[in-house]
Every structure is written in structure tokens, then in C-alpha cells.
Amino acid sequence: MVELSSPFTHSSSNPNLYLKLNTFEADQHTQYKTQHKKKNPKTKTKMSWQTYVDEHLMCDIDGTGHHLSASAIIGHDGSIWAQSSSFPQFKPQEVTDIMKDFDEPGHLAPTGLHLAGAKYMVIQGEPGAVIRGKKGSGGVTIKKTGQALVFGVYEEPVTPGQCNMVVERLGDYLIEQGL
């Protein structure tokens with residue numbers, strides 16, 4: 001009777017052959033995996049915060065050729081993550097008041113929403129999620145995410161609804177991403 005040796009079993013008659021076959025098999029497996037590696041479709045491309053402002057907030061709205069006047073993404077602590085060149089220089093107390101209104105809806109109603117000293121009348125928003133302000137023919141929409149505030153400032157011919165759509169769409173996306 002002849003005993004057959006397999007690379008998967010130890011052959012006491014030729015241990016070197018066993019080691020060589022296992023090493024060869026492991027190398028072939030690694031090479032196969034490398035050659036046939038599929039890209040993970042869930043791999044995300046990282047985008048800079050400035051790209052979000054430039055391409056998603058300051059975008060052409062619905063093919064109209066209209067854009068927001070200014071926009072920014074600001075951390076809950078008031079740190080600027082990214083902003084358009086036209087975004088006004090706000091005061092730290094203004095961000096503190098905005099954050100307080102998200103925590104205590106109605107806080108800004110008596111005094112108004114201030115942004116770089118400009119006063120906006122607070123209009124209906126979504127308590128704890130969105131603050132909207134109106135000033136003359138323009139206004140502001142602020143969407144709160146888990147870590148940031150997304151600002152959009154508009155003037156006519158951009159409508160309040162268009163500003164809301166642009167700002168809230170990006171804010172919702174950031175929330176979905178855990179940001």
C-alpha cells in the first residue's frame with residue numbers, strides 16, 4: 001500500500017516538501033487576493049470643508065444662475081471650518097446666542113438674530129434644528145448638525161425657500177455622515 005502525502009497533512013518522510021507546498025500555497029493565495037481585490041464601493045472620498053462651501057453652498061441654485069450671497073460651516077464652539085469670501089465677520093457672542101436658541105428655542109425671538117452686527121428678524125424655523133432670519137429682501141438660514149452650524153445668507157433674487165433647500169440639504173447630509 002502506498003501512502004499519499006498532501007500539503008495539508010504533515011508527512012514525516014519529507015517535512016521540507018510539506019513546508020514548501022504550504023509556503024507556495026500561501027504565496028499563491030496572497031497573490032490571488034491582491035490581483036482580484038475589489039474596490040470597496042463604500043469607500044468615501046474625503047472632501048475638504050472649503051469644498052462643501054464652494055461646491056454645495058455657493059452653487060448655482062436649480063440652474064437659475066443665482067447663488068447664496070455668503071455661506072459658512074462653523075463649529076459649535078464658533079471656530080470657522082470654511083467660509084465663502086463674502087461671509088461676514090461674526091462676533092463670538094452671536095454664535096453663543098445662536099447655539100442657545102438651538103438649545104432653548106425662542107431665545108432669539110425678542111432680540112433678533114445678529115450676524116456681524118446685522119439684525120435679522122427670527123421667523124419660523126424648526127426648533128433645535130433650523131433657525132431662519134429675515135432682513136429686508138434677504139435673510140439667513142442656519143442648520144445645526146451634530147458638530148457644526150451650516151450658514152446660508154441670501155439676497156433677492158434668491159428666495160427663502162431656495163436658501164433653505166441648499167443649506168438644509170447639506171446639513172442633512174452632514175448629519176447622515178455623523179458630523
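The structure places CE of M99 at 12.0 Å from NE2 of H107, a figure rounded to the nearest 0.5 Å. Between the CG atom of D60 and the CD atom of E55 there is a distance of 13.0 Å, given to the nearest 0.5 Å. With values rounded to the nearest 0.5 angstrom, Q124 atom CD is found 13.5 Å from I131 atom CD1. Taken from CG in L113 to CE in M121, the straight-line distance is 11.5 Å, to the nearest 0.5 Å. A distance of 13.0 Å separates NE2 in H66 from SG in C59, rounded to the nearest 0.5 Å. Going from atom CZ of R169 over to atom CG of N164 covers 12.0 Å, rounded to the nearest 0.5 Å.
Contact record, C163 with L68: SG-CD2, 3.7 Å, taken as the closest heavy-atom pair. Here the closest non-hydrogen pair linking V53 and A82 is CG2-CB, 3.7 Å.
Two different hydrophobic clusters hold I123 and I142 under the rule that ILVMFWY side chains link at heavy-atom gaps under 4.5 Å. The hydrophobic clustering, which links ILVMFWY residues whose side-chain heavy atoms are closer than 4.5 Å, places V166 and Y120 apart. I175 and W81 end up in different hydrophobic clusters when Ile, Leu, Val, Met, Phe, Trp and Tyr side chains are linked at under 4.5 Å. Hydrophobic clustering places V122 together with V95 (ILVMFWY residues linked when any side-chain heavy atoms are closer than 4.5 Å, directly or through intermediates).
Using a 4.5 Å cut-off on side-chain heavy atoms (C-beta onward), L170 and Y52 make contact. Residues L149 and K143 fail the side-chain proximity criterion, which asks for heavy atoms closer than 4.5 Å. Looking at I73 and Q83, their side chains never come closer than 4.5 Å, going by heavy atoms from C-beta outward.
Formation of a donor-acceptor pair under 3.5 Å by the H76 side chain with backbone atoms of T145 is found in this model. Proximity of a side-chain donor or acceptor of D62 to a complementary backbone N or O of T64 within less than 3.5 Å is not detected. At distances below 3.5 Å, at least one donor-acceptor pair connects side-chain atoms of H67 with backbone N or O atoms of G65. The backbone N or O of G75 lies less than 3.5 Å from no partner atom in the side chain of Q147, so there is not a single donor-acceptor pair.
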* Asked: Are K144 and D101 close enough, and set up right, to give a salt bridge (Lys or Arg N to Asp or Glu O under 4.0 Å), and what steps lead you there?
  -> CA-CA 11 Å; K144 182 182 180 194; D101 194 76; over 6 Å; no
Using residues 84-92 as the side-chain source, report each donor-acceptor pair under 3.5 Å to any protein atom, sequence neighbours left out, with the distance given to one decimal.
from : atom 1 : to  : atom 2 : distance (Å)
S84  : OG     : S71 : N      : 3.0
S84  : OG     : S71 : O      : 3.3
S84  : OG     : S86 : OG     : 3.3
S84  : OG     : F87 : N      : 3.4
S86  : OG     : S69 : O      : 2.5

Distance-only criterion, 3.5 Å: show the donor-acceptor pairs between side-chain atoms of residues 150-160 and protein atoms not counting sequence neighbours.
from : atom 1 : to   : atom 2 : distance (Å)
E155 : OE1    : S137 : OG     : 3.4
T159 : OG1    : Q162 : N      : 3.1
T159 : OG1    : Q162 : OE1    : 3.4

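More than 12 heavy atoms of other residues, nucleotides or ligands shown are found within 6.0 angstrom of NZ on K134.
Using a cutoff of 4.0 Å between basic side-chain nitrogens and carboxylate oxygens, E168 and R132 are scored as salt-bridged.
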